[in-house]
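Reminder, nothing fancy here: chain letters follow the sequence lines and each chain counts from 1.
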Amino acid sequence: MVSRLMEKGIPCRKLEELGFKKYRCKVCGSVFWSKVPRETCGDAPCERYRFLDIGCRRLGYEESMKEFLQFFERNGHKVIDPRPVVARWREDLYLTIASIVLFQPHVTSGMVPPPANPLVVAQPCIRLEDIDNVGLTMGRHLTNFIMGGHHAFNYPDKWVYWIDETVDYAYRFFVEDLRVPEEEITFKESWWEGGGNAGPAFEVAIGGLEVATLVFMQYSVENGKYLEMPIKVVDTGYGIERIAWLASKGVTAFHVIYGDLVHHFFVKLGVDEPSEDILRAALVESYGVDSVEDLAEKVSRDLGVSSKEVASMLRRAVEVFSLLDLTKTIALMLSDGVVPSNSGEGYLARLVIRRALRKISALGSDVKLGELVDLQIEKWYHLFPRMGKMRSYILEVLDIEEEKFREIIKSLPQIAKKFLKKQPSLEDLVELYDSRGVPPDMLAEYLRKVHGIAIDVPKNFYSMVAARHARTPLAKKSEKARLPNEIVEWTKNFPPTRRLFHEDPYLREFRSKVLGVLGNYVVLDATAFYPEGGGQLGDTGEICYGSECVKVVDTQKVGDVVVHVVERPISIAPGAEIVGKVDWERRYRLMRHHTATHLLLGALRKVLGEHVWQAGAEKTPTKARLDVTHYKIPSVDELKSIEKLVNEMITKGIHVVTKELDRNEAEERYGFVIYQGGVPQTARIRIVEIPGWDVEACFGTHVKNTSELGGFHIVNVEKIADGVVRFEYVAGTALIDYVSELEQKLSDIATAVGSSKREVADKVRSMVGELRNANSLLKAYRDLIVREVTSKASYEARDYVSGTKIFVYKLPVKDYRLANMISRELTQKIPRLIAFVLAPHEKGCYVEISLGKEAASLVDARSIIKELAKRLPIKGGGKHDHVTAIAEVPMTEFVNVLEKALSTDLIKAS
RNA sequence: GGGCCGGUAGCUCAGCCUGGAAGAGCGCUCGGUUCGCACCCGAGAGGUCCCGGGUUCAAAUCCCGGCCGGUCCA
């Protein structure tokens with residue numbers, strides 16, 4: 001399909017006008033355009049790196065970014081602000097991996113207009129797929145980079161620009177603005193796909209370095225089929241780091257991006273900086289190498305020096321380079337409020353942090369990760385002000401993460417013990433990594449250094465781990481089907497329901513017309529019943545028609561249509577008028593809990609920090625709960641001040657503002673915090689604002705004034721996952737209910753322990769003391785009885801066959817533990833003894849048979865049970881000198897049978 | 001969201017596979033040794049084996065469910 005779409009190549013008159021011609025690369029075979037005839041496409045690896053030898057304007061890193069933005073601004077593009085590196089506006093993506101991500105899916109689908117058209121943005125992006133190559137390629141691979149993107153959205157009725165103009169901009173930017181000789185530039189024809197869209201693309205390369213990709217997005221990909229998009233999108237990505245590299249002639253991209261910081265890092269980490277010769281050679285050779293050894297060999301061959309020395313120097317330098325990159329990625333992610341955790345984007349943050357910590361420890365340095373990240377914050381906060389604002393959060397979180405890492409290191413000696421004598425199997429290594437986070441190379445190094453033991457770590461270790469996590473297809477988390485499929489289909493026949501509950505959240509009774517009824521599902525033209533959504537439960541109440549009323553047990557929505565679920569199937573003709581009555585007591589509780597949730601979230605962000613982000617919520621009539629991202633359970637003091645803040649907001653009586661805004665306007669005015677509760681897929685967004693406190697995109701019903709909550713109390717706080725804290729709380733009438741329920745419980749306890757509410761705590765304390773006493777008394781009494789019985793046995797035990805002795809003791813209470821103690825002690829003291837200790841049991845009689853050392857050498861206790869089993873129903877077993885059993889006859893009968901058996905042939909010396 | 005590992009004395013853990021009186025080291029208390037301390041020696045206290053259910057004569061151990069912690073991967 002793609003090849004057919006690409007068959008004709010990319011039509012571009014502009015390149016022809018500029019005098020470019022098509023060629024085919026001798027190495028990779030792809031088609032490319034060039035001003036002068038050439039053998040290869042100009043991109044590495046087909047062509048060696050030459051870009052440092054190509055003349056052009058001299059620009060630094062930030063200058064290059066500004067130059068890019070200004071060039072497009074001069075050419076009619078509006079510069080828009082970059083967004084966070086965490087893609088909060090998207091449910092299908094954790095990180096911002098490209099500038100086009102800002103506009104998918106709502107702009108590319110046509111639902112929302114772009115904030116400007118055409119526009120240009122310098123968007124910080126994070127991509128983790130090359131994390132293992134960072135450093136080794138001298139800066140071609142990075143986990144964070146700035147993508148310069150100019151975008152045009154072409155609508156059928158409003159065309160902006162397309163291929164020719166896009167190519168022209170690229171040509172003019174590089175040739176006229178940066179003054180790169182035009183014969184050095186190639187445009188390679190290619191195909192791009194991502195985020196459900198696809199289209200042909202030009203890859204722009206200069207001296208072996210790909211500097212930009214120009215994508216002409218025109219297909220949406222559905223089930224492997226390419227469908228023509230109504231909106232054609234120009235999606236370009238200029239690598240700002242690479243452009244700066246070309247323009248500044250830095251020896252590695254790290255020197256270009258980080259400047260002085262490179263030297264600081266080398267010094268802090270105690271690593272020698274390789275000479276420029278070595279780095280330059282490394283850069284040229286870095287394409288296609290997959291290990292430092294490989295690279296070092298090639299470099300030393302080029303320079304004619306010892307490869308061993310080069311290898312150790314390069315290995316350490318590569319780690320420093322990658323730490324430069326990783327620490328900036330960490331600063332970016334954490335400053336956008338990611339909380340490290342074991343799932344979601346939090347895991348990605350932890351992954352990068354762990355990687356960085358491992359590298360620091362591999363270098364043998366004791367520098368704290370926080371120190372390195374702090375250097376990055378200092379360098380970058382003028383570009384990314386959030387880094388400055390979030391600094392204390394970032395450093396605290398890194399401390400915690402570093403501590404967790406140290407715990408893993410601390411466990412090494414313990415783990416290593418197991419492998420002192422035996423080689424760990426691959427299975428051992430995988431399990432250690434998978435379940436305890438111990439990377440095999442760390443274990444290998446420990447064993448080598450401390451115990452001088454070498455172990456094998458297979459080269460393909462990480463792919464073995466991956467195989468263990470056999471990929472399951474990404475099950476799209478669908479909303480729990482609250483309505484049967486046929487009902488969902490049926491609702492598609494109706495127009496959007498008028499939302500009286502939004503027009504007036506206090507409306508309890510209303511008249512409206514029936515649009516349709518199917519069984520016990522009712523659709524009206526307008527309703528005051530709130531349908532479940534945004535964590536607020538659907539309303540209940542009743543619908544009356546004529547003289548008849550039916551209970552509404554639930555309200556749901558499908559798209560814009562509200563569906564009332566009634567108690568029993570009814571039949572009302574479409575067009576009939578009904579009266580709807582909302583269960584107001586319940587609904588008002590829900591409303592107050594909903595507003596309380598917004599108040600709490602605002603307070604949490606104030607007290608705990610702006611990294612606090614809603615991770616889930618539920619409001620019921622009796623209780624509400626809110627899950628947020630946070631890295632530890634809040635302290636008692638923090639909880640107190642959170643509760644106090646919320647109650648102050650209630651006392652102040654703040655007016656709650658609700659309005660509808662265009663999506664772009666809402667985002668621009670309030671930022672992405674409005675998407676705490678989820679991202680609505682609509683062009684217009686309903687905003688609920690508690691001025692100065694909290695703003696959220698929210699569908700729910702809220703009280704007019706915070707004073708209506710009356711009061712607020714947090715009833716429970718728990719960590720439900722690493723990095724997620726759950727708050728449960730009550731407000732309004734639910735608070736009163738909670739208190740009286742609590743009081744009732746207290747009085748129940750007081751009654752049960754025979755005390756007053758006032759003194760119940762003391763009473764319970766003394767009871768626990770008494771229980772402890774009773775237990776130690778019980779122990780003492782048991783010992784006493786054991787002694788008594790033992791001394792009784794010493795003269796009461798009677799002689800039996802082969803020099804053995806017999807003693808039968810009937811314990812009158814169901815204390816099997818004591819029975820055990822007695823039988824053990826008896827045979828311990830009298831080695832020739834065969835002891836029978838009996839105790840009552842529901843089924844009859846509990847039997848414990850124990851043999852002293854000498855007796856056990858003559859008789860097997862298990863055979864005694866076998867013999868008895870021939871004479872009465874008994875089940876049991878144990879070891880040769882001790883068995884336990886249950887006989888299903890009363891104790892007296894058991895004794896009779898036992899005595900009779902003893903006098904015949906129960907026990908035969910073996 | 002999925003996989004895996006773990007929860008036993010104040011702490012670090014063994015025991016679990018293969019069911020049969022709850023263990024070790026460190027720490028604590030007391031005593032000995034010592035001018036005193038450390039070391040050493042001896043004795044002792046300290047456990048709802050995470051919770052609930054099941055299987056069994058018998059469960060820390062086997063099975064099921066839950067809770068909590070850790071970790072890897074999306």
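At a threshold of 4.5 Å between non-hydrogen side-chain atoms, the residues A/L348 and A/L95 count as touching. Contact check for A/V628 versus A/L601: side-chain heavy atoms found under the 4.5 Å cut-off.
If you measure from atom CG of A/L872 to atom P of B/C57, you get 15 Å, rounded to the nearest angstrom. Between the CD1 atom of A/I97 and the P atom of B/A74 there is a distance of 14 Å, given to the nearest Å. In this structure, the CG atom of A/N342 is 10 Å from the C1' atom of B/C72, given to the nearest Å. To the nearest angstrom, P of B/C68 lies 13 Å from CG of A/D722. Going from atom CD1 of A/I849 over to atom C1' of B/A21 covers 16 Å, rounded to whole Å. As rounded to whole Å, 15 Å separates atom C1' of B/C72 from atom CG of A/L429. One atom, CG of A/L432, and another, C1' of B/G6, lie 13 Å apart when rounded to the nearest Å. The CZ-P distance, from A/F894 to B/C57, rounds to 16 Å in whole Å.
Nucleic acid contact for A/Y94: base, since at least one base atom lies under 4.0 Å from a heavy atom of the residue. Within the nucleic acid shown, A/G437 comes within 4.0 Å of sugar-phosphate atoms alone, with no base atom in reach, counting heavy atoms only. Within 4.0 Å of A/I874, counting heavy atoms only, lies no atom of the nucleic acid at all.
Judged by Watson-Crick or G-U wobble contacts below 3.5 Å, the nucleotide B/A24 has B/U12 as its partner. As the counterpart of B/C30, B/G42 is assigned, both hydrogen-bonding distances of the Watson-Crick or G-U wobble pattern falling under 3.5 Å. Pairing for B/G65 goes to B/C51, judged as Watson-Crick or G-U wobble with the two contacts each under 3.5 Å. B/C17: no Watson-Crick or G-U partner with both key distances under 3.5 Å is found in any strand. For B/C35, there is no paired base (Watson-Crick or G-U wobble, both distances below 3.5 Å).
The nearest heavy atom of RNA chain B to A/A885 and to A/E718 marks one nucleotide each, and the one closer to the 5' end goes with A/A885.
With no hydrogens or angles considered, a side-chain donor-acceptor pair links A/Q104 and A/N197 at under 3.5 Å. A donor and an acceptor atom, one from each side chain of A/E888 and A/H841, are nowhere located under 3.5 Å apart.
With a 6.0 Å radius and a threshold of 12 heavy atoms from other residues, nucleotides or ligands, A/R406 has its CZ atom above the threshold.
Between A/R350 and the phosphate of B/U71, there is a side-chain N or O to OP1/OP2 separation shorter than 4.0 Å. Taking side-chain N and O atoms only, A/K404 has a distance below 4.0 Å to OP1 or OP2 of B/G70. Look at A/R436 and you won't find any side-chain N or O under 4.0 angstrom from OP1 or OP2 of B/C4. Between A/R862 and the phosphate of B/G20, there is no side-chain N or O to OP1/OP2 separation shorter than 4.0 Å. Residue A/K879 has no polar side-chain atom (N or O) positioned under 4.0 Å from OP1 or OP2 of B/G20.
Atom name P, nucleotides B/C57 and B/G10: the rounded distance is 35 Å, in whole Å. Nucleotides B/G47 and B/G23 place their C1' atoms 11 Å apart, quoted to the nearest Å. Taking atom C1' in both B/G32 and B/C50, the straight-line distance is 41 Å, to the nearest Å. B/A14 and B/G52: their P atoms are spaced 24 Å apart (whole Å). Annotation: B/G53 and B/A60 have their P atoms spaced 14 Å apart (nearest Å). Rounded to whole Å, the separation between the P atoms of B/G66 and B/C4 comes to 14 Å. As rounded to the nearest Å, B/G65 and B/C5 have P atoms that lie 15 Å from one another. Between B/G69 and B/A24, the distance separating the two P atoms is 31 Å to the nearest Å.
Counting distance only, with no hydrogens placed and no angle test, the side-chain atoms of A/D434 and the base atoms of B/U71 include no donor-acceptor pair under 3.5 Å. For B/G6, the base has no donor-acceptor partner in the side chain of A/S435 [N/O atoms by modelled type, under 3.5 angstrom].
For A/E718, the side chain to side chain contact (heavy atoms under 4.5 Å, CB included) criterion is met by A/N716, A/I720, A/R726, A/E728, not counting sequence neighbours. Remark: A/R354 pairs with no residue by the side chain to side chain donor-acceptor pair (under 3.5 Å) rule, at least two apart or across chains.
Using cut-offs of 30° and 60° on the angle between ring planes, the pair A/H630 and A/H611 is parallel.
Residue A/K875 has its side chain nearest to B/C57 when only B/C5, B/U71, B/C57 are considered.
Between A/R350 and A/D722 there is a salt bridge, with a side-chain nitrogen of the basic residue lying less than 4.0 Å from a carboxylate oxygen of the acidic one. The pair A/R862-A/D860 meets the salt-bridge criterion, with a side-chain N (NZ, NE, NH1 or NH2) lying under 4.0 Å from an Asp/Glu carboxylate O.
Within residues 816-833 of chain A, the residues approaching RNA chain B are A/R817, A/R824, A/Q828, by heavy-atom distance under 4.0 Å.
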